[in-house]
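Shown next, in structure tokens, is the structure this report addresses.
When a ligand or atom number is given, it counts from 1 through the structure's own listing order. Residues take their numbers from the sequence shown, with the count starting at 1.
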Amino acid sequence: MKERKARPVENLDVYGVYQLAPLIREAVLADAEGYREGRSETRLESQRILQKVWGETASLPSYLHPSTISRCLKWAGYEALEDELDLKPAPRTFEAEMGMKIGSAAHFSLLRILRKFGVQEQTVLQDESGISGRLDFMLKNPVTKEYQILDLKFTGDWAFRQVRRDGLPDYLRKTKGIYNPRPEDRLQLLIYMWGRRQEGLNVAMGNIVYINRDSGKMKESIVPWDERAEHEMTIFLDKLAEAHETIKRGELPKPTVVSTYICASMCPYRLHCDYGQKFAVGAIKKEKKKRPAGVYRQARAEAQKKRKMMERLGIVQAELPLTDPQGHPGNP
Ligand code: SF4
């Protein structure tokens with residue numbers, strides 16, 4: 001075989017400090033900005049076509065996204081009214097953009113592995129109430145035959161540490177390895193479950209799996225569709241309907257954020273939002289959760305009724321009454 005000789009380096013400029021990290025940073029940020037502008041232009045163009053065909057009053061359906069509405073309805077209002085109010089969101093940082101890319105890549109890589117176990121890929125949710133988004137994964141549980149939604153959250157170390165066991169409901173307190181989800185993650189999952197249930201699928205449970213991007217460690221939260229879930233969704237849907245009306249009038253909805261770090265470091269409209277700036281530094285007290293017993297009782301009775309109906313239809317198996325060894329009714 002003919003011996004190949006390496007070409008001598010003639011241009012000594014190649015030994016200059018030509019770093020590639022700045023190139024990656026600029027390229028990623030420009031791509032993110034281009035995507036954002038492209039999306040806004042596409043929307044304006046679609047609106048223009050719609051009005052050309054159906055007249056001036058025709059307007060595109062406006063949807064709110066579960067990932068935003070679960071964090072704060074005012075944030076969703078800023079997104080929807082961005083052009084009208086001329087309030088631009090803060091540009092995304094390179095670190096946030098890369099975090100998202102790493103998360104998306106890991107999602108698809110996991111999907112490839114989980115697909116053989118019946119896990120379906122991301123499905124789009126679009127609902128009459130004006131919610132639109134993609135949920136991560138769904139599977140029909142091979143034991144219960146009921147649907148289960150999986151939401152994967154890739155987090156940094158700090159956010160991972162914020163997911164704790166404190167506040168777990170009684171029936172999960174003794175189960176090892178189960179954590180209490182962050183309130184906004186729980187609500188996002190409830191929205192997905194509710195949306196799929198509206199389509200007639202019996203989604204009985206949702207799981208949030210937090211994966212630490214730095215260490216690869218996992219924490220899991222379980223959210224059953226029960227009377228508490230129904231009650232929380234009823235309250236949220238009322239707030240959402242009110243927010244929709246407010247947005248239609250060209251005004252911003254009331255803030256619904258519950259975690260200070262969302263205002264402090266996540267919301268891209270925080271520089272425009274007086275409430276968020278005060279809330280982030282603890283200058284606004286959180287509203288105490290009201291748990292009206294009557295509403296819970298009613299939701300429980302309705303859930304029981306639905307369950308009985310599903311048992312009659314053969315959708316779920318009948319539950320046997322729990323009894324203690326002496327035959328007395330037990331504590332469910
Ligand atoms: S800064 Fe906070 S309160 Fe204001 S819109 Fe953003 S998330 Fe909502």
Under 3.5 Å, which donor-acceptor pairs link side chains of residues 261-272 to any protein atom two or more places apart or in another chain?
unit_1: Y261; atom_1: OH; unit_2: E184; atom_2: OE2; d: 2.3
unit_1: S265; atom_1: OG; unit_2: Y261; atom_2: O; d: 3.0
unit_1: Y269; atom_1: OH; unit_2: E82; atom_2: OE1; d: 2.8
unit_1: R270; atom_1: NE; unit_2: A264; atom_2: O; d: 3.4
unit_1: R270; atom_1: NH1; unit_2: C267; atom_2: O; d: 2.7
unit_1: H272; atom_1: NE2; unit_2: K88; atom_2: O; d: 2.9

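A donor atom on one side chain and an acceptor atom on the other are not found under 3.5 Å apart for N141 and E146.
A pairwise comparison of heavy atoms in A229 and W225 identifies CB-CE3, 3.9 Å as the closest pair.
Here the rule is side-chain contact (heavy atoms from CB on, under 4.5 Å) with L201, and of M138, M193, K140 only M138 fits it. Of the options H65, K153, R71, a side chain to side chain donor-acceptor pair (under 3.5 Å) to Q188 is made by K153 and by none of the others.
Near atom 6 (Fe) of ligand 1, less than 2.8 Å away, sit the protein N, O or S atoms C267 SG.
Note that CG of L73 is 9.0 Å distant from NE2 of H244, once rounded to the nearest 0.5 Å.
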